[in-house]
Amino acid sequence: MAMAPVLTALAVRPKMNIGLLVSGLGHLFLLLWMFAAGFFTKIEKTPELQVTQVTILSTQEFDALNAGQPELPSTNTPDMARPAAELTPALPSAPKAEPTPVLKSEPSPTPTLELAPKLMPSPKAPEQPLLSEAPEQTKPQDAPRVAPVAALPPPVNAAIAQDTALAVIKSPDPAPVPEVMVDRQSMAPEAATTQIITEATQTQNIPTLAPQTSARPKTRPTVAPKPEVPPETITDLVAEALAEAFAEPIPLEPEAAPSRPAVGSLTTFEMDSLRLSVQSCWNVGSLSTDALNVVVTIGLSIQKNGMPDAASIRIVAFENGSEVVARQAFEAGRRAIIRCGAKGFKLPKEKYDQWKDVEMVFNPKEMRMK
Amino acid sequence: MTLFGLTLSHKLGIFRLTAAMILAFGAQMGAVWAQNGPLRIEITQGVIEPLPIAVPGFVAENAAALDYAAKISRVIAEDMAGTGLFREIPVSAHISRISAFNDPIAFADWKAVNAQALVVGAVFVQGVTATVKFRLIDVFSGQQMGEGLQFSGPVGIWRRTAHKVADAAYSRLTGESGYFDSRVVFVAETGAKNKRAKRLAIMDYDGANVEYLTDDKSIVLAPRLSSEGDKILFTSYKTDFPKIYMMDLARKSVVSLADQKGTMAFSPRFAPDGKSVIYSLEKGGNTDIYALNLASGASRQLTNAPSIETAPSFSPDGSKIVFESDRSGGQQIYIMDANGQNLRRVSSGQGRYGTPVWSPRGDLIAFTKQNQGRFHIGVMRIDGSEERLLTASFLDEGPTWAPNGRVIMFTRETSGATGKSSLYSVDISGRNLKRAKTEGAASDPAWSPLLP
Amino acid sequence: MVTAFAIIRIGPDFQGKFNLLQLSKSSKKDNAMNDLSKALMLVAALALTGCNKPGSGAGSAGGIEMISLGSPSDPTSPAYFQGSVGDRVFFEVDQSTLTAQAREILELQASWLQGNASYNIVIEGHADEQGTREYNLALGARRASAVQDYLTTVGINLNRMRTVSYGKERPVEICSIEDCYARNRRSVTVLTE
């Protein structure tokens, strides 16, 4: 029907033929259909959040990852901020940092550590504005609660520096680094974590670790200091050494994953997660200015199920204050340990020997009001 | 780790592992220790929020105490929550009740309402004496915090006894000394700005027990307390000219000080030992700082400059005086020795600095700052560094320190024809800014030391 | 009659003196001076001796002084001084230096004072509310002193003058804008006996 006037119009133009007309109309129809179907609309990339305890990937999957690696980080950049916002409402009951990585689709398991600290201090909706305002908040009186959101990056970065070194060491050949604008602190630790956990569990995957990790810390070399030792040799050393170390049989508690003879020390990530979980319960709001000067070291024993043994919590040492104010500082630290450990700290059971006795140094230097 | 029966290659492997680890972890700050000794982590970040506490109604141990027990526990709860350092779990939310002082504590119930500390108390009234005892419980560690304490005093001053209990509980929990058993002397005001009637008044720091000390027939200004809390210095226009007077609080007797013909005197303050008074004397249009020996009545001039020197305040040890002077062209803060020597400037920065007051802890100076049309109360270290502004408004001035050097009270006046003055207090962290309870308008507060 | 006794008060009392003056004037007009009138006059005379002398020392009992204003058209009256001569000068923010306009007014004041030597003056210094209390007291004192100094240079004897500062305690305008502030930053010359 619509064709009729068109046809008549076209009939006026002798040069145009029907084939061209039909082709043009067909193209037009296709275009319209594509628009209607939303082909050209921006795909809202909802991150697929897979919460897993341990990342176990087969060799094939890793290869697939490698293949798809270079382009993906850049497109994921704008998504970094959103998962943080989306996660906070999703996990309202997480006053302690879940050390378990919250993974997005493959190349960005990165934001976990960045997210985790953001999760902890503000599990409740009213405190979400704190997240976005944290950098501007210099006056505690502006918020009912002061949480170390803005201040957390530095300690994470400290861990990152070391992780970076480790990560860089492990890459056999530094591949060309595409410019990625992802927040660097979110990248590296996850890279290290994933890799270390994988190491612990997958001795046979060690040869494949090297190429796998070379991709992730691509942002790092531009920011973090490079180690002086040429990466190749160190990587080889480590790879070889680890292979040999893990080949050594060491008695372990029987665990659900039998292929885990893990005996390595606690990873930075695991220690960070312990630290972060205690941190979120460490309330110094009621301490005197003198008590805020005291650095107190608290020793404790943790049971196998991750719960601290309250009776074992004791002062190991203190400095910068009298015994009286050290007591207040100790009590604040003890409350933090008991409250956040009430459901047990998330620590790897196979490394129980590493964390059955812990000393926590509570240093309020960054919390002090003058 | 100890491995026995190692082959050479194993040892080499371990050596390589160790070497690699040292290289890898070399740059970081001790978060990982080789597998010797307990795991060590450093916590440097925490949160700052009020500590949730519960103050269940105190147990009345006899019939005469029934009236007082509930009131005393309320005063204690309000004192502690009023500091901004604690948040009270309302009594209505409590699951268990305390029915006897030494009852075992149902820790699970208190954990359930999220109370982290508990103040358990009991009251016994015999004749004119009220005995109040309390103990503090750390809920999450399931222990009593130290020993309990007991206070006895005349039942007529039960509020003071309650404040003393609150001071002890506050001190035990925070490590800070308390400030609740204290009084504030101030000027009670009525009337519009151009018809202001002023009279001296004194009250408990929380607004209770107000007492008026003078009538409002002449202007009175800026009363200040002695370090014993027994005498007041103030400025009055009783003679149509500003002069300084001293009032004995017990006898309510008033004497005139430093009366010199043709001069005006104002802004007096006691020395910490109570034996002398520093003040400002205006002569021929110029104002300088003088010291008066109370015993001999002799005055000595401490500053001698054509600029305005006023608002002097002693350091807690009596060795130095901080004051304001406009000798540099605008009001700034200066410090000199108590004999007038070693005068040096302390404040820096934009704006005008005035009314400096030395903290009772000796570590900070509170002041009023005027900058770009706004007034601020601020604190700085005694060398002038780390200046921090705590408030901002149309007109804030005249800070005074709580006895523990942690809270500041000041005057805030609102603008306009209907503007009025009120007393406000703020923690030195800038938190917990709130109005002090006074019957009407009030200004020029001065905080007493902790009462004995 | 009873009312008359009630009004009479010995010593500095505004109410009493005013009525006494009226009473004494009316009794003068009455030709038939009865005993009561004479008694009243005597008492009145006694009462008036209890007046404070101006400038009788800083420690005086702080009474309220009174002068009769007189008629504004009478060039020797205080009303004329306040109205036509101008009893106040104004200052810039945080300043105590006299403007040219201020000096003109003060010269007029000086000439009036020289022509009316029976009056002494108290020079009040005031400040606006944009400052702290003690500083404003000192600033008001500077302003009053500046006026006093200038009046001395134009020939007024120092012992006719006293200064007082009220700081920011006695504003005449109570709005919180510059217009009101400008009128509060003043020095007022108050005539006394």
Side-chain angles (χ1 to χ4, degrees), chain B residues 192-196 198 217-219 221-222 235-243 256 259-264 266-267 280 282-288 307-312 324 326 330-331 352-355 367-368 370 373 375 394-395 397-398 411 413-419 443-444, chain C residues 52 55-65 93-94 96 122-126 128-149 152 158-159 161-178 180-181 183-184 187 190 192:
Chain B
K193 279 189 189 178
N194 53 358
K195 280 192 286 255
R196 205 98 335 136
K198 295 189 171 189
K217 291 213 178 72
S218 49
I219 297 173
L221 303 174
T235 307
S236 166
Y237 280 79
K238 202 157 70 157
T239 62
D240 286 340
F241 292 86
K243 303 272 175 216
S256 164
D259 194 355
Q260 290 181 43
K261 192 172 155 152
T263 67
M264 291 183 265
F266 49 97
S267 185
S280 294
E282 177 277 341
K283 214 191 263 190
N286 188 35
T287 306
D288 276 305
S307 46
I308 291 174
E309 276 73 33
T310 187
E324 65 173 89
D326 70 351
Q331 285 164 280
R352 297 198 251 161
Y353 295 78
T355 74
F367 56 88
T368 303
Q370 237 178 303
F375 278 77
F394 168 75
L395 180 43
E397 66 165 315
T411 309
E413 174 135 25
T414 49
S415 76
T418 55
S443 63
D444 292 351
Chain C
N52 284 329
S56 60
S60 70
I64 299 174
E65 303 204 1
V93 177
D94 206 29
S96 55
V122 172
I123 303 167
E124 298 179 350
H126 299 264
D128 67 29
E129 67 178 350
Q130 300 178 93
T132 53
R133 207 174 302 286
E134 292 93 355
Y135 184 79
N136 277 346
L137 276 175
L139 183 61
R142 259 193 190 155
R143 287 170 175 162
S145 185
V147 166
Q148 184 183 47
D149 290 345
T152 325
L158 201 57
N159 61 16
M161 303 190 278
R162 291 188 66 195
T163 55
V164 69
S165 169
Y166 286 98
K168 57 177 180 171
E169 307 303 315
R170 291 238 180 113
V172 289
E173 301 290 347
I174 57 178
C175 71
S176 293
I177 55 174
E178 176 53 25
C180 286
Y181 291 157
R183 279 180 274 171
N184 286 332
S187 177
V190 179
T192 63

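Here the structure is a predicted model, which is why all the values come from computation and not from measurement. Below, read A as the first sequence line, B as the second, and so on, with proteins coming before strands; counting in each chain starts at 1.
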Residue B:Lys198 versus chain C: region with a heavy atom under 4.5 Å: side chain
C:Ala144 versus chain B, heavy atoms under 4.5 Å apart: side chain, backbone, both or neither? neither
Between C:Tyr135 and B:Glu324, is any side-chain donor less than 3.5 angstrom from a side-chain acceptor? no
Residue among B:Thr368, B:Leu221, B:Leu395 with most heavy-atom pairs under 4.5 Å to chain C: B:Leu221
Would you name the heavy atoms of B:Thr235 and B:Ser267 that are closest together and state the gap between them? OG1-N, 3.5 Å
Engaged part of C:Gln148 at the chain B interface, taking heavy atoms whose separation is under 4.5 Å: neither
Would C:Glu129 and B:Lys193 pass as an ion pair if we require N to O under 4.0 Å? yes
So which of C:Ser165, C:Cys175, C:Gly125 has the biggest tally of heavy-atom pairs under 4.5 Å with chain B? C:Ser165
Contacting moiety of B:Ile308, where chain C heavy atoms sit under 4.5 Å: both
At a heavy-atom separation under 4.5 Å, does B:Asn286 approach chain C through its side chain, its backbone, both, or neither? neither
With sequence neighbours excluded, tell me which residues meet salt bridge (charged side-chain N to carboxylate O under 4.0 Å, His left out) with C:Asp94. B:Arg352
For C:Lys168 versus C:Gly131, what's the shortest heavy-atom pair and its separation? NZ-O, 2.9 Å
Using the salt bridge (charged side-chain N to carboxylate O under 4.0 Å, His left out) criterion, which residues pair with B:Glu413? Sequence neighbours excluded. B:Arg196
Proximal component of C:Val164, with respect to chain B [non-hydrogen, under 4.5 Å]: both
With a 4.5 angstrom heavy-atom cut-off, which part of B:Ser280 approaches chain C: side chain, backbone, both or neither? neither
Flag the pair B:Glu309 / B:Asp288 as yes when at least one side-chain heavy-atom distance between them is below 4.5 Å, and no otherwise. yes
Just so I understand: if I count every heavy-atom pair under 4.5 Å between each of B:Gly419, B:Gly354, B:Pro242, B:Gly416 and chain C, which residue has the most? B:Gly416
Working note: B:Gln331 + C:Thr132, criterion side chain to side chain contact (heavy atoms under 4.5 Å, CB included); need CA distance, chi angles, decisive distance, verdict. CA-CA 10 Å; B:Gln331 285 164 280; C:Thr132 53; 3.4 Å; yes
Using heavy-atom distances under 4.5 Å, tell me whether C:Arg170 contacts chain B through its side chain, its backbone, both, or neither. side chain
